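Note: hydrogens, waters and symmetry copies are ignored here, and every other heavy atom, side chains too, is used. Just so we're clear, the structure is a prediction, and the values are computed from it rather than from any experiment.
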There are 2 protein chains.
Amino acid sequence: MLNSGDSGVRTSDIERVKGLPLFADAAPETLRVATAGAHLQRFPANTMLLLEGDPVDFLYVLLDGQVELHGTWNDRETTLAILRPVSTFILAAVVLDAEALMSARTLDRCEILMIPGDAIRTAMRLDPRFAMAVSRDLAGCYRGLVRNIKNHKLRNSTERLANYLLQLRAADNSGGVVRLHHEKRILASLLGMTPENLSRAFAALQRHGVSVHGAVVTLGNISALEALAKPDPLIDNHAPRVGDIIADADAEIWSSEWYKTTGQAGETSKRHG
Amino acid sequence: MLNSGDSGVRTSDIERVKGLPLFADAAPETLRVATAGAHLQRFPANTMLLLEGDPVDFLYVLLDGQVELHGTWNDRETTLAILRPVSTFILAAVVLDAEALMSARTLDRCEILMIPGDAIRTAMRLDPRFAMAVSRDLAGCYRGLVRNIKNHKLRNSTERLANYLLQLRAADNSGGVVRLHHEKRILASLLGMTPENLSRAFAALQRHGVSVHGAVVTLGNISALEALAKPDPLIDNHAPRVGDIIADADAEIWSSEWYKTTGQAGETSKRHG
DNA sequence: CAAAGGGTTTGATGTGGATCAAGCTACCGC
DNA sequence: GCGGTAGCTTGATCCACATCAAACCCTTTG
């Protein structure tokens with residue numbers, strides 16, 4: 001049961017979980033069932049939470065710290081996403097009771113609520129509103145990845161960086177000064193380039209008014225930067241981030257999808273979001 | 001109502017739709033409601049079904065022909081998926097009642113069943129089993145895209161082609177001779193390269209026993225090809241394709257998820273499937 | 001305070017893949 | 001059968017990005 005006392009879960013944490021779009025609409029009873037057996041756990045920085053290929057037994061809810069999701073192949077590694085609180089991750093694997101396709105590693109000290117996968121699947125069966133919320137959440141994730149792929153296949157590295165900076169500005173509602181949330185090395189991997197090349201991409205953006213001092217990036221000429229970046233609502237989600245929870249009920253709603261993939265690497269199966 | 005007579009929907013088509021994992025588990029009543037107002041439509045080759053940015057009013061079920069999903073930006077274009085029957089597409093947008101992130105175009109003459117989005121959303125609210133099926137379907141799509149991104153960020157073009165061929169072999173259960181399902185020009189875009197480069201990649205695979213004659217590709221030395229391709233169950237889904245429907249209930253289940261994306265291009269929102 | 005070490009930057013060089021430009025081949029309609 | 005057109009291939013060249021190497025900087029630690 002998810003209440004203060006058990007497993008060290010604090011009432012304030014419960015409130016934060018309830019604030020997630022995934023749980024906001026669920027019946028109170030469902031929330032109780034779904035979180036029965038949940039426990040809060042603390043991890044040091046640089047800890048592997050999950051290795052790709054592992055069976056996934058829990059839905060993870062990141063309450064504090066940062067988590068990196070990455071994939072590896074043939075001694076190469078790439079960052080697929082970096083999560084900040086409050087975020088859930090690994091929902092798709094939980095729904096399908098399948099093994100993880102990506103590894104998860106803490107970047108900082110982290111506080112994570114772990115909800116048993118069985119409980120989630122049971123809750124979905126009992127509460128259509130919750131099942132609907134899961135669908136909406138997954139649909140949003142799916143669309144996020146579509147954006148990601150378009151970003152990578154259609155833009156070069158400098159364009160990706162420029163759009164990343166503009167998106168950061170929109171998310172944090174910062175004027176012309178933006179703070180990078182992660183090490184440049186990780187940012188490079190997320191943007192699909194080497195650290196060396198990220199440096200050079202920043203250098204290339206100087207002529208568009210961008211200057212860098214450590215993690216602080218000053219966008220001195222937004223319109224010049226936008227002229228280069230050509231941000232597009234069908235690739236870049238400029239939903240503002242409000243407070244510590246997600247933007248809106250669903251950032252995808254804020255802006256505005258699809259379903260099913262044959263051929264290409266993934267799914268031989270025939271569904272396309 | 002979905003029955004022969006109305007809108008030219010044939011009973012045999014209904015059977016094929018019922019065979020989809022998405023509908024297989026739904027209550028009969030739900031199927032009726034969900035398909036009320038559905039209509040079957042025929043399109044010539046090379047017809048735009050949907051333009052990215054358009055509101056999505058229907059769930060599409062491809063019954064015959066091939067459909068290409070693609071994205072554009074700044075005069076560049078890339079193929080994101082190629083669908084073959086029986087496939088649904090655009091489910092994520094339907095669930096969120098959002099605009100399309102990709103365009104859909106027929107490659108051949110196509111036969112498509114169009115189910116109103118309202119009906120799908122209503123059905124989800126009323127039938128938890130159906131909502132569950134939608135979640136599972138979206139989770140599978142999500143995982144397909146994760147595989148896709150890993151494929152693109154971790155492999156070079158020759159490696160992608162080699163794995164594509166091996167996957168085709170597994171899907172069609174063909175021995176050493178594989179038939180390409182689409183024009184090479186489209187395949188190139190799907191694999192993230194130019195047609196010129198696809199030719200060269202095929203040439204490079206000659207030394208690994210691959211020979212090409214039009215759409216017929218002979219894999220003369222599987223182990224040599226595998227040594228180069230290094231297929232990985234966490235990237236390549238080698239689920240066999242059975243009959244005209246999907247592999248299993250869910251190709252992702254056959255082999256084996258996650259939820260929420262911060263940072264990077266897409267989702268400012270915080271969920272990672 | 002000095003040494004050590006990790007992250008970042010800068011430069012030199014190599015390579016995968018894009019682009020440009022012909023040719024080639026196969027299908028189609030007259 | 002012939003000419004046209006579209007897709008595919010091949011070659012030459014160029015450019016984006018990776019790699020290798022070294023210097024730099026900033027933080028940590030004895």
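Using the six-membered ring where Trp is involved, A:Phe89 and A:Tyr60 have ring planes that are parallel, under 30° apart on the 30 and 60° scheme.
When rounded to the nearest whole Å, the span between NE2 of A:His213 and C1' of C:dT9 equals 14 Å. Per the geometry, NE2 belonging to B:His182 stands 16 Å off P belonging to D:dG7, to the nearest Å. Distance, A:Leu187 CG to C:dG7 P: 15 Å, rounded to whole Å. The separation between A:Leu161 atom CG and D:dA16 atom P is 16 Å, rounded to whole Å. Atom CD1 of A:Ile186 is separated from atom C1' of C:dG7 by 11 Å (rounded to the nearest Å). Rounded to an integer number of Å, the gap from A:Lys184 NZ to D:dC24 P is 18 Å. When rounded to the nearest whole Å, the span between CG of A:Leu191 and C1' of D:dC17 equals 14 Å. We find that CG of A:Asp75 is positioned 16 Å from C1' of D:dT19, with the value rounded to whole Å.
Counting all heavy atoms, side chain and backbone alike, B:Thr79 lies closest to B:Ile186 at OG1-O, 4.2 Å.
Residue B:Asn156 is classed as a sugar-phosphate contact, given heavy-atom separations below 4.0 Å to backbone atoms only. A:Thr158 comes within contact range of no nucleotide atom at all, as no heavy-atom separation falls under 4.0 Å. Using a 4.0 Å heavy-atom criterion, one finds that A:Thr194 contacts the bases of the nucleic acid, with or without backbone contacts as well.
Interface remark: the A:Glu196 side chain does form a donor-acceptor pair with the D:dC20 base, using a distance-only criterion of under 3.5 Å. Judged by distance alone, with hydrogens and angles left aside, B:Arg200 brings a side-chain donor or acceptor within reach of the base of C:dT19, the pair sitting under 3.5 Å.
Of the candidates D:dG7, C:dT8, D:dC17, the closest approach to any side-chain atom of B:Arg185 belongs to D:dG7. With C:dT9, D:dT9, C:dG7 as the choices, the nucleotide that has an atom nearest any side-chain atom of A:Glu183 turns out to be C:dG7.
The side chain of B:Ser199 places no N or O atom within less than 4.0 Å of a non-bridging phosphate oxygen (OP1 or OP2) of D:dT10. At the phosphate of D:dC17, neither OP1 nor OP2 sits under 4.0 Å from any side-chain N or O atom of A:Asn197.
Under 4.0 Å is where a charged nitrogen must lie from a carboxylate oxygen, and between B:Asp232 and B:Arg155 no such pair does.
Other residues, nucleotides and ligands place more than 12 heavy atoms under 6.0 Å from the CZ atom of B:Arg76.
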For B:Gln66 and B:His182, what are the C-alpha separation, side-chain angles and deciding distance, and is it a side-chain hydrogen bond (donor to acceptor under 3.5 Å, both in side chains)?
CA-CA 9 Å; B:Gln66 293 189 91; B:His182 351 276; 3.0 Å; yes
